[in-house]
Amino acid sequence: MRLLILLILIIFLSKSNSVFIKQKQNQIPKTNNPYKLSNGLALTPPMGFNYWNFDGCETNLINETMMMNTAYAMSTNGMARVGYEYVNLDDCWMAKSRDENGNLLPDPIRFPSGIKHLADYIHSLGLKFGIYGDIGTTTCKGYPGSENYLEQDAKTFAEWGVDFVKMDGCNMQVEDMKEAYTDLGKYLQATGRPMVYSCSWPTYAYVENITMPFDYIEGICNLWREFQDIRDDFTEWTQILDEMEDSLPKRSQFAGPSHFNDPDMLEIGNGLESNIEYKSMISLWSIIAAPLIAGNDILTMSKETLEILINEEVIQVNQDPLGLQGNRVYQNQGLEVYQRTLINDSYAIAMFNRGDVQSDITITSDMLNLTNHQNFNIRDLWSHTDNGTFSDTFTASVEPHGTIMIKLSPKINNIYLPLKYRKHLLK
Ligand code: GLA
């Protein structure tokens with residue numbers, strides 16, 4: 001009997017010890033974990049507005065009236081309803097120098113009521129407010145940079161009620177950016193105010209051909225600019241798309257909820273491209289889970305521009321909760337197919353004709369790697385019509401520079417069943 005008790009005791013001790021060791025082992029990586037941004041924001045790609053693409057800094061259009069009117073327009077014209085929420089400043093909002101205590105100041109002519117006043121107004125509309133800064137000595141246009149002021153500026157942004165920080169990288173060595181972007185992320189987080197954190201580090205690494213640690217930046221920024229600045233030009237933005245698809249390491253692997261690749265803001269409505277091209281742009285930006293930051297003049301845009309920006313079926317693809325970035329799965333002489341995996345075993349497909357003549361593009365189940373012969377309903381996301389069933393192939397005629405964007409949903413989703421039965425079937 002004693003022997004038995006002793007045996008049980010030994011087994012118990014050895015077990016509890018191994019549990020203890022296990023717990024200890026589990027704790028080790030936690031305490032050694034490198035810093036991770038955890039603001040719980042940007043679970044899907046951020047959507048909003050920024051004036052840079054239509055305005056730059058050249059005119060006197062950038063001021064608090066323009067920003068407030070834009071925010072008001074967004075809150076009433078359907079943009080806010082479909083998800084555009086961040087109303088963002090870009091370069092040239094600042095005064096040329098800091099105050100005597102080193103605080104950033106707004107340009108007194110453009111923003112006489114101050115930045116907090118602007119943020120409060122934007123918040124009163126149910127929208128969010130974004131700001132621009134630069135991690136180096138000065139911004140790209142020569143306004144005060146945040147180098148040596150990272151903590152102070154993070155606090156200022158929080159006090160003003162900022163919800164989104166675009167941190168540019170002019171006038172800093174790329175080699176110093178890892179530390180600087182990490183530090184600013186920590187300071188932003190330490191303020192306790194949730195602020196989406198957009199980093200431009202990879203753009204500057206790209207320009208200087210310096211290898212970028214994407215597996216690192218995806219842990220410290222909510223989004224990161226990848227390539228050169230976009231222009232309102234079909235050839236130029238398709239080049240950015242190529243860079244996104246062809247550059248190594250494959251960018252899509254780093255995207256997910258709270259961390260997205262950013263090919264730059266939209267040019268839709270800026271006037272130098274056709275609406276066909278603008279529709280292609282938002283279709284492809286949605287497939288690659290890119291932030292949708294409207295870069296056009298919201299106050300003067302045409303009805304057609306607005307309709308392109310607020311196509312809810314396309315935006316639903318962009319905002320799919322899985323947050324997976326799609327990829328190009330086929331290309332041949334300017335005819336291309338892009339595929340993004342969506343929630344509920346569905347897929348978004350963009351059939352993109354980069355060429356100058358109307359052409360047929362065919363998708364096949366092999367091309368899309370759908371080998372279980374599932375039948376899908378085809379929904380055309382621009383004509384808003386159902387377009388038959390996909391089992392093995394589907395062909396569409398696509399206009400030059402145009403995109404046919406469809407969603408494939410497993411056929412069972414459309415069988416009519418009362419909700420209580422559907423829930424079980426769709427599990
Ligand atoms: C850089 C950025 C642009 C814009 C300008 C402002 O070029 O990439 O998006 O913010 O700076 O100067």
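Whatever order the structure lists them in is the order used to number ligands and atoms, beginning at 1. The analysis underlying the following values was restricted to heavy atoms, covering all of them including side chains, and did not include hydrogens, waters or symmetry mates.
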| message | For Tyr35, does the six-membered ring have the charged nitrogen or CZ of Lys186 within the cation-pi criterion, i.e. under 6.0 angstrom from the centroid and within 45° of the normal? | response | yes
| request: Look only at interatomic distance and state if Tyr204 has a nitrogen or oxygen under 3.5 Å from any nitrogen or oxygen of ligand 1. | output: no
| task | Please work out whether any backbone atom (N, CA, C, O) or any side-chain heavy atom from C-beta onward of Asp168 is under 4.0 Å from ligand 1, and answer side chain, backbone, both or neither. | result | side chain
| request: Ignoring angles and geometry beyond distance, decide whether Lys166 reaches within less than 3.5 Å of ligand 1 through its nitrogen or oxygen atoms. | output: yes
| said: Just to verify, what does Phe390 make a ring-ring contact (aromatic ring centres under 6.0 Å, His included) with, not counting sequence neighbours? | reply: none
| message | Nearest 0.5 Å, please: how far is CG in Asn53 from CG in Asp297? | response | 12.5 Å
| message | For ligand 1, which is the ligand I care about here, please tell me if Arg225 has any N or O atom under 3.5 Å from one of the ligand's N or O atoms. | response | yes
| Interfacing atoms of ligand 1 (cut-off 4.0 Å, heavy-atom, Cys140) | 1 (C), 11 (O), 12 (O)
| field | Nearest protein heavy atom with distance in Å, relative to atom 10 (O) of ligand 1 | value | Asp90 OD1, 2.6 Å
| query | How about Lys303: does its NZ atom have over 12 heavy atoms from other parts shown lying under 6.0 Å from it? | reply | no
| field | Presence of salt bridge, Arg81 and Glu312, under 4.0 angstrom | value | yes
| request: Determine, using heavy atoms of Asp229 and all atoms of ligand 1, whether some pair is separated by less than 4.0 Å. | output: yes
| note | Per-atom filter on ligand 1: closer than 4.0 angstrom to a heavy atom of Lys141 are 12 (O)
| query | Salt-bridged, Arg379 to Asp386, with N to O below 4.0 Å? | reply | yes
| note | Closest to atom 12 (O) of ligand 1 by heavy-atom distance, out of Asn50, Asp91, Asp134, is Asp91
| said: Under a 4.0 Å threshold between the charged nitrogen and the carboxylate oxygen, would Asp163 count as salt-bridged to Arg193? | reply: yes
